[in-house]
Amino acid sequence: MIVCKFGGTSIGDAPAVRRLAGIVQSRLAERPLVVLSALSGVTNALLGLLKHTAPSEQRTLAHQLAELVARHRQLARALELSEELGERIADEGQQLLARLAARPDPAGADELCDFVAAQGELWSTRLVAAALAAANLESVWVDARSVMRTDAHFTRAAPDRAVLGDLAPRQFLPLLERGKVPVTQGYIGATADGRTTTLGRGGSDYSAALLAAALHAERVEIWTDVDGLMTADPRLVPAARVLPVASHLEAAELAAFGAQVLHPATQAPLVEARIPCVVLNSFAPERPGTTILAGVRPAPVGAGESPVRSISCKRGITVLNVRSPASRGSTGFLRALFAIFEQHGIAVDVIATSEVNVSVSVEDSSRIEALRQDLERLGDVSVFPHRAIVAVVGIGLRGIKGLAGRIFTAVQSVNVEVISQGASEINVTFVVREEDAGEAVRRLHAALIEAVA
Ligand code: ADP
Ligand code: ASP
Ligand code: MG
C-alpha cells in the first residue's frame with residue numbers, strides 16, 4: 001500500500017479536489033490511503049475564532065464561524081455533493097459554536113484550541129471522501145482519532161507509535177484489502193481517554209509518515225503546491241530549482257530550518273522503516289517531483305552540481321545572550337545553562353559560545369520572560385526577538401575549502417548576528433534580523449547555487 005497526503009492548497013477549490021480524485025484514481029492499483037490537511041487557510045481561521053470567545057464578541061464569533069461553514073458548503077455544492085453533507089457540515093459548525101460560547105476554562109485553553117483546530121481536517125476529509133465516492137471510488141471516511149493515540153500535550157502532542165502500530169493495521173488493512181480507499185485526517189489525534197489533540201502546525205506530513213511506518217507502506221507521497229523539495233522557498237527565490245533526489249537527512253535538515261514544505265518530524269519514522277517519500281505537485285501531477293531516498297546517506301552530488309543543495313530560513317526566532325565573566329574556565333556553566341532550558345521545556349536551535357558569552361536561539365518565545373528570570377541567576381541576559389535562522393544545507397560542507405568565506409562574502413550587506421561554530425557536515429547556520437532574512441537567502445542562493453549551475 002502507499003500513503004498519499006494532500007496539503008491544504010491541493011484541496012482549496014473544486015478543480016483542486018477533482019485533480020486530487022484523478023491522482024487517487026491513478027494510484028488505485030497501489031492501494032492508496034489518503035491523508036488530508038484542512039482546506040488552505042482554514043486552520044488559521046479556526047484558531048482565529050478563539051480570540052472572540054468573550055460574551056461581548058458572540059456575534060463576531062458566530063459570523064466568522066458561519067463564513068467557514070459557508071466556504072465548505074459552497075465547495076460541496078460546486079462538487080455537486082449531497083445536501084445531507086452540507087447539513088452535516090453546518091451541524092458540526094453549530095456544535096463548535098456551542099463549545100466555544102460556553103465560556104472556556106482558561107486552564108483548558110490548549111485543549112480547546114486542538115478541539116477547534118481539528119474541525120478543519122474533519123470537514124476536509126468528509127468533503128473529499130464524498131467527492132471520491134462521486135467519482136466512483138469506494139472511499140471510506142476514517143476518524144484518525146481512532147488510531148492516532150497521543151499524549152495529552154495539547155497543541156503539540158506526541159504520538160504513541162506502539163499503539164498506532166497496533167491500531168492502524170487493524171483499522172486500515174482490511175479496508176485496503178477489500179479495495180476501499182480510506183480517507184483520514186492528518187494533524188489530529190486523541191488521548192487514551194478520547195480527548196482530541198493535534199501534532200503541531202503543519203503536522204499532516206508527520207501523520208502521513210507515522211501511518212506509513214505503522215502500515216509498512218511502500219512509499220509516501222506528499223502532494224503540495226510546488227514541484228518538490230527545492231533549492232530555496234520559491235516564494236523567496238524565484239530562481240529556486242527542484243531537487244530530483246534528496247536523502248532523508250537533507251530533507252530533515254531543510255525542514256528543521258524552515259522549509260515549510262515538510263514538517264520537521266516527517267523523516268524520522270520513514271528513516272527507521274526505510275520508506276521512500278516523494279514530494280509532488282498536485283497542480284502538475286505528471287512532473288517527477290523529489291524522491292527522498294530511504295536511508296540516511298546523502299544523495300550523491302552529480303558532476304557540475306553544487307554540494308550546497310539548498311538555502312532555508314526560519315523566522316520568529318528569539319536569541320538569548322547570557323554574559324557571565326565568572327563562567328570563564330568553569331566546567332559546570334553550560335550544564336547549568338541547558339538545565340534551565342530543559343526545566344522550561346524549551347528546545348534550543350543555534351548555539352554560539354565565546355569565553356564569557358553564550359548565545360542561544362529558540363523558536364518558542366511564549367515563555368521567554370520566565371526563562372530569562374531563571375537565566376539571570378547565571379549572568380546578564382539580553383533578549384533579541386524577531387530574528388531568523390538562515391541555513392545553508394548541503395553535503396560534506398565542512399570539507400569544502402573557503403565555503404565559510406563565500407557564505408559571508410555573499411551576505412556582507414546583511415548583519416549576521418550569531419554564527420554557529422560547530423558547522424556540521426550538512427549545514428551551516430547563522431542568525432539575522434527577521435527583515436534581512438529574505439535578502440540573505442536570495443544572495444546565498446545566487447552565490448552558492450545559481451553561480452555553480
Ligand atoms: P501544504 O499545504 O501542501 O502542506 P505548505 O504550505 O505547508 O503546503 O508547504 C508548501 C510551501 O512550502 C510551498 O508553497 C513553498 O512556498 C514552501 N517552501 C519553503 N521552503 C521550500 C523548499 N525548500 N522547497 C519547496 N517548498 C518550500
Ligand atoms: N491544517 C494543519 C495546519 O495548517 C496541518 C497541516 O496543514 O499539515 O497546520
Ligand atoms: Mg504543510
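Throughout, residue positions are numbered sequentially from 1 according to the sequence presented. Hydrogens, waters and symmetry mates are skipped; everything else that's a heavy atom, side chains included, is used. Counting starts at 1 for both ligands and their atoms, following the listed order.
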Are more than 12 heavy atoms, taken from residues, nucleotides or ligands other than R88, located less than 6.0 Å from that residue's CZ atom?
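No, the 6.0 Å shell around CZ holds no more than 12 heavy atoms from other groups.
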
After noting the C-alpha distance and the side-chain angles of V34 and T184, does the key distance pass the side-chain contact (heavy atoms from CB on, under 4.5 Å) rule?
CA-CA 6 Å; V34 177; T184 197; over 6 Å; no

May I have the N/O to N/O pairs between ligand 1 and the protein that fall below 3.5 Å, each with atom names and distance to one decimal?
unit_1	atom_1	unit_2	atom_2	d
ligand 1	2 (O)	G8	N	3.1
ligand 1	3 (O)	T224	OG1	2.7
ligand 1	4 (O)	K5	NZ	3.1
ligand 1	6 (O)	Q260	NE2	3.0
ligand 1	7 (O)	Q260	NE2	3.4
ligand 1	8 (O)	T224	OG1	3.3
ligand 1	12 (O)	V261	N	3.3
ligand 1	14 (O)	D225	OD1	2.8
ligand 1	14 (O)	D225	OD2	3.4
ligand 1	16 (O)	D233	OD1	2.7
ligand 1	16 (O)	R235	NE	2.8
ligand 1	16 (O)	R235	NH2	3.1
ligand 1	23 (N)	M230	O	3.1
ligand 1	24 (N)	M230	N	2.9

Does R99 make a cation-pi contact with F115, if we ask for NZ or CZ under 6.0 Å from the ring centre and within 45° of the axis?
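Geometry flag: set, cation within 6.0 Å and 45°.
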
Please name the residue in the list D227, D225, T224 that meets the side chain to side chain donor-acceptor pair (under 3.5 Å) test with N281.
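For N281, the side chain to side chain donor-acceptor pair (under 3.5 Å) test succeeds with only one of D227, D225, T224, which is D227.
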
So, Q185 versus R126: side-chain donor-acceptor pair below 3.5 Å or not?
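The criterion, which ignores hydrogens and geometry beyond distance, is not satisfied for R126 and Q185.
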
Side chains of R201 and N44 only: does a donor on one sit below 3.5 Å from an acceptor on the other?
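Yes, a side-chain donor-acceptor pair sits under 3.5 Å.
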
Strictly under 4.0 angstrom, heavy-atom based: which residues surround ligand 2?
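Within 4.0 Å of ligand 2, protein side: S37, A38, T43, E121, Y187, R201, G202, G203, S204.
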
Kindly state whether the ring of Y206 and the ring of Y187 have centres lying under 6.0 angstrom apart.
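No: the rings miss the under 6.0 Å criterion.
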
Look at the side chain of R19 and the backbone N and O of S282, then say whether any donor-acceptor pair between them is shorter than 3.5 Å.
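A pair under 3.5 Å: yes.
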
For the pair Q412 (side chain) and F408 (backbone), establish whether a donor and an acceptor sit closer than 3.5 Å, ignoring hydrogens and angles.
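No; judged by distance alone, with no hydrogens or angles, the pair does not exist.
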
